[in-house]
Amino acid sequence: MLRRSGEVMADIIIFPLTNVVVFGFLSLYLSAENQLAGHTVIFGMLLWNVIWIVEYSITLGSLWNIWTRNLTNLFIAPLALSEYILAHTLSGILKSLIVLLVSGILSVYVFDFNIFSVGFPALALTLINFSIFAYALGIFILGMIFWFGLRIQAAAWSAVGLFQPLCAALYPLDVLPVLLQKVAVLFPATYTFEAARFALANDGAIAWNLFSIAFAENIVYAVGCTALFVLMYNKSRDSGQFARNEV
Amino acid sequence: MEERVLEVSNLVKNYGSFRAVDGISFSVGRGKIVGFLGPNGAGKTTTIQILSGITLANGGSVSYFGKNFSTHRTECLQRINAASAFNTLMGKISVWENLFVFAELYQVENPRKMISDLLAQFEISDLRDTLYKDLSSGQKTRVNIAKSLLNDPELLLMDEPTASLDPDIADKTLSLIEQLRKDRNLSILYTSHNMNEITRICDEVIFLDHGKIVAQDTPLNLTKRISSATLRVSFDAHTLEFDTYLREKKLDATFPEPNTVAILSHEAGIPGILFDLSKTGIWITDIEVAKPTLEDVFLQIARKDTV
């Protein structure tokens with residue numbers, strides 16, 4: 001479907017790549033004064049795309065099924081809810097890795113920044129943490145859409161954007177005002193970005209303490225959001241909203 | 001004893017304080033087509049949604065093949081399927097790709113052969129590479145029904161499958177359903193607003209109103225519950241002459257056209273009327289008896305008359 005859908009192509013390939021290009025040039029500009037600051041910006045954007053694409057795949061993948069009135073067909077097939085969500089999550093992770101690879105290579109040649117220079121261990125830990133966070137966000141938003149219906153469908157592509165400034169994706173955490181820093185630490189992505197930037201600034205060194213906090217928070221988020229998703233899914237089946245979403 | 005593929009017992013569904021389904025019980029036997037009828041808001045769609053597992057009931061139970069649906073969900077879904085005019089497949093992938101996805105979900109043993117066979121059976125093999133969104137309504141219906149047969153189901157839930165089809169395609173679809181029942185001994189729970197369809201294909205009809213079953217019988221027996229029929233007589237005489245006869249016999253009649261009278265009577269009284277007419281000397285040119293139809297039964301129920 002991906003190759004035949006201009007909307008999906010734009011959202012998960014063109015839009016993220018455009019962001020990388022824009023922030024790539026910004027990083028070139030900033031790097032003239034402070035190379036680490038410049039690299040922090042493009043590094044943050046490359047990684048942010050992972051969260052965006054995984055979350056988008058989970059929520060928009062289901063919305064496409066609702067829009068085409070095909071979701072009911074899937075749910076009256078012998079398909080477990082966990083299999084359905086897992087399929088969308090794995091598909092999102094795969095798409096995000098492809099986009100990361102393409103945009104990573106692009107940034108090496110065009111913006112003089114090599115994301116792979118942080119090393120495989122740090123990059124892998126970062127991607128695992130972001131994938132879990134994006135999964136948690138995705139199923140929470142999807143649960144809300146199931147429960148409240150298509151009137152809140154815009155959350156599928158907009159809600160994740162609220163986390164970009166709060167999680168300090170493009171700058172160090174201490175840039176945020178103290179009050180927002182207290183909010184930011186509630187999100188595992190904040191620690192993951194801090195850990196990734198630490199690896200960037202220290203030749204791939206792994207900040208185990210930051211990754212550990214991020215991972216612990218991610219587990220809480222994943223378990224909590226999964227439970228909330230199941231609750232909202234059942235609420236939507238109880239209220240009849242699940243079936244009405246396709247009417 | 002008839003084998004039951006679906007058994008619904010005391011099913012209840014509330015939406016807040018509104019009771020959409022009010023303790024209904026019914027069953028579908030193997031190889032039987034059961035029609036599910038009722039005015040809008042009667043609870044048909046809610047019941048079908050509960051039977052499909054996409055809406056939760058507040059009470060009662062649903063069993064497929066003797067197994068409780070809520071505790072054997074996957075096992076039951078593997079043996080049933082559904083087709084609805086209100087659900088479609090993914091528009092931006094081809095007919096073949098859509099069917100292949102569902103064949104995989106139903107773990108069809110030889111999906112390529114099954115899809116090819118179904119496409120051939122439904123005479124849509126030439127559409128296999130066409131994007132679903134580019135199909136006509138009739139073609140989409142055939143693809144939807146092909147999808148619903150991928151797992152060789154024992155029971156099919158069909159929710160107005162012919163809605164929005166032109167009469168020719170609707171007729172072909174009904175013929176196809178009749179053939180499927182004959183070939184596969186398929187059981188079908190069939191909802192429709194088209195009474196002729198229901199009369200044509202259903203062995204049994206369930207009428208729902210305000211969430212309750214208000215009538216359940218064969219289409220023929222249901223129509224027999226309305227005892228009146230209309231005797232339409234065309235005659236070659238002066239209308240006044242006939243009017244005198246009608247007054248004399250105190251018959252309930254109207255003259256829809258000149259030289260044609262429509263007499264409303266109990267079915268049992270019609271032979272007597274015809275006998276009396278033969279003695280009047282009025283020249284009768286045509287006689288037609290309009291018996292009650294399922295639509296009349298439906299209208300009586302919808303208008304709260306007693307059936």
Side-chain angles (χ1 to χ4, degrees), chain A residues 1-12 57 60-88 90-91 142-143 145-150 230-247, chain B residues 13-16 18 20-21 45-46 48-58 69 72-94 97-99 101-108 131-134 140 143-144 147-148 150-151 153 156-157 159:
Chain A
M1 197 184 103
L2 188 61
R3 66 194 155 93
R4 297 191 190 122
S5 175
E7 301 92 332
V8 178
M9 285 280 280
D11 283 345
I12 68 166
S57 292
L60 263 290
S62 292
L63 276 176
W64 273 105
N65 279 311
I66 293 173
W67 292 332
T68 53
R69 294 188 291 159
N70 185 45
L71 193 70
T72 301
N73 282 325
L74 293 171
F75 278 78
I76 57 175
L79 173 72
L81 183 62
S82 54
E83 292 170 329
Y84 177 79
I85 295 299
L86 185 67
H88 278 301
L90 292 179
S91 157
L142 183 60
I145 293 169
F146 280 171
W147 189 15
F148 294 108
L150 294 180
V230 172
L231 183 74
M232 290 189 279
Y233 168 68
N234 285 331
K235 283 267 184 196
S236 78
R237 290 201 299 157
D238 184 47
S239 67
Q241 183 62 50
F242 188 82
R244 277 199 299 276
N245 280 338
E246 291 194 356
V247 176
Chain B
K13 179 63 196 173
N14 300 318
Y15 290 124
F18 174 69
V21 178
T45 302
T46 301
I48 292 283
Q49 287 166 355
I50 293 169
L51 297 182
S52 308
I54 57 169
T55 295
L56 297 174
N58 296 108
F69 185 39
H72 296 79
R73 186 176 180 275
T74 307
E75 202 179 328
C76 293
L77 290 175
Q78 185 66 51
R79 294 171 68 182
I80 69 169
N81 211 318
S84 166
F86 310 111
N87 294 118
T88 55
L89 301 176
M90 292 295 273
K92 293 188 176 182
I93 58 176
S94 70
E97 288 164 337
N98 265 302
L99 294 178
V101 168
F102 282 96
E104 290 293 310
L105 288 179
Y106 283 99
Q107 298 177 320
V108 176
L131 296 187
Y132 183 82
K133 68 181 174 68
D134 294 334
K140 281 180 181 170
V143 174
N144 293 350
K147 174 247 129 190
S148 72
L150 278 168
N151 58 328
L156 209 48
L157 306 173
D159 192 12

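The sequence lines fix the lettering, A, B, ..., with proteins before strands; numbering per chain opens at 1. Only a predicted model underlies this, so the values are computations on that prediction, with no experimental measurement involved.
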Notebook entry, point to check: So what's closer than 4.5 Å to chain A heavy atoms on B:R79: side chain, backbone, both or neither?
Noted result: neither
Next item on the list: Starting at OG1 of A:T72, measure out to CG of B:D159 and round the result to the nearest 0.5 Å.
Entry: 10.5 Å
Check: Of the listed residues (A:N65, A:D238, A:L74), which shares the most heavy-atom pairs with chain B below a 4.5 Å separation?
Finding: A:D238
Checklist line | Contact origin within B:Q49 toward chain A - heavy atom pairs under 4.5 Å | finding: side chain
Margin query: Pair A:Q241, B:T55 - check side-chain contact (heavy atoms from CB on, under 4.5 Å), show working.
Written below: CA-CA 8 Å; A:Q241 183 62 50; B:T55 295; over 6 Å; no
Check: Taking every heavy-atom pair that is under 4.5 Å apart, which of B:N98, B:T74, B:I54 has the most such pairs with chain A?
Finding: B:I54
Note to self: Taking every non-hydrogen pair under 4.5 Å, which of B:N81, B:N14, B:L89 racks up the most with chain A?
What the structure shows: B:L89
Identify every side-chain donor-acceptor pair in residues 79-86 of chain A under 3.5 Å, counting partners at least two apart or on other chains, and give the distances.
residue: A:E83; atom: OE1; partner: A:A80; partner atom: N; Å: 2.8
residue: A:Y84; atom: OH; partner: A:S62; partner atom: OG; Å: 2.7
residue: A:Y84; atom: OH; partner: A:H88; partner atom: NE2; Å: 3.3

Notebook entry, point to check: So, for B:K13 and A:R237, which heavy atoms are closest and what is the spacing to 0.1 Å?
Noted result: NZ-O, 4.2 Å
Next item on the list: Would you mind checking which part of A:L71 comes under 4.5 Å of any heavy atom in chain B, side chain (CB onward), backbone (N, CA, C, O), both or neither?
Entry: neither
Next item on the list: Please name the pair of heavy atoms, one in A:F75 and one in B:R73, separated by the smallest distance, quoted to 0.1 Å.
Entry: O-NH2, 2.8 Å
Item checked: From B:C76 atom SG to A:I76 atom CD1, the distance as rounded to the nearest 0.5 Å -> 13.5 Å
Note to self: If the condition is ring pair (Phe, Tyr, Trp, His ring centres under 6.0 Å), which residues does B:F102 pass it with, not counting sequence neighbours?
What the structure shows: none
Notebook entry, point to check: At a heavy-atom separation under 4.5 Å, does B:Y15 approach chain A through its side chain, its backbone, both, or neither?
Noted result: side chain
Checklist line | Minimum-distance pair of heavy atoms, taken over all atoms of B:G91 and A:T68 | finding: N-CG2, 4.1 Å
Next item on the list: Could you tell me which portion of B:N58 (side chain, backbone, both or neither) has an atom closer than 4.5 angstrom to a non-hydrogen atom of chain A?
Entry: side chain
Item checked: Heavy-atom contact with chain A under 4.5 Å, split by part of B:K133 -> neither
Notebook entry, point to check: Which pair of non-hydrogen atoms, one from A:R69 and one from B:F86, has the smallest distance, and what is that distance?
Noted result: NH1-O, 3.0 Å
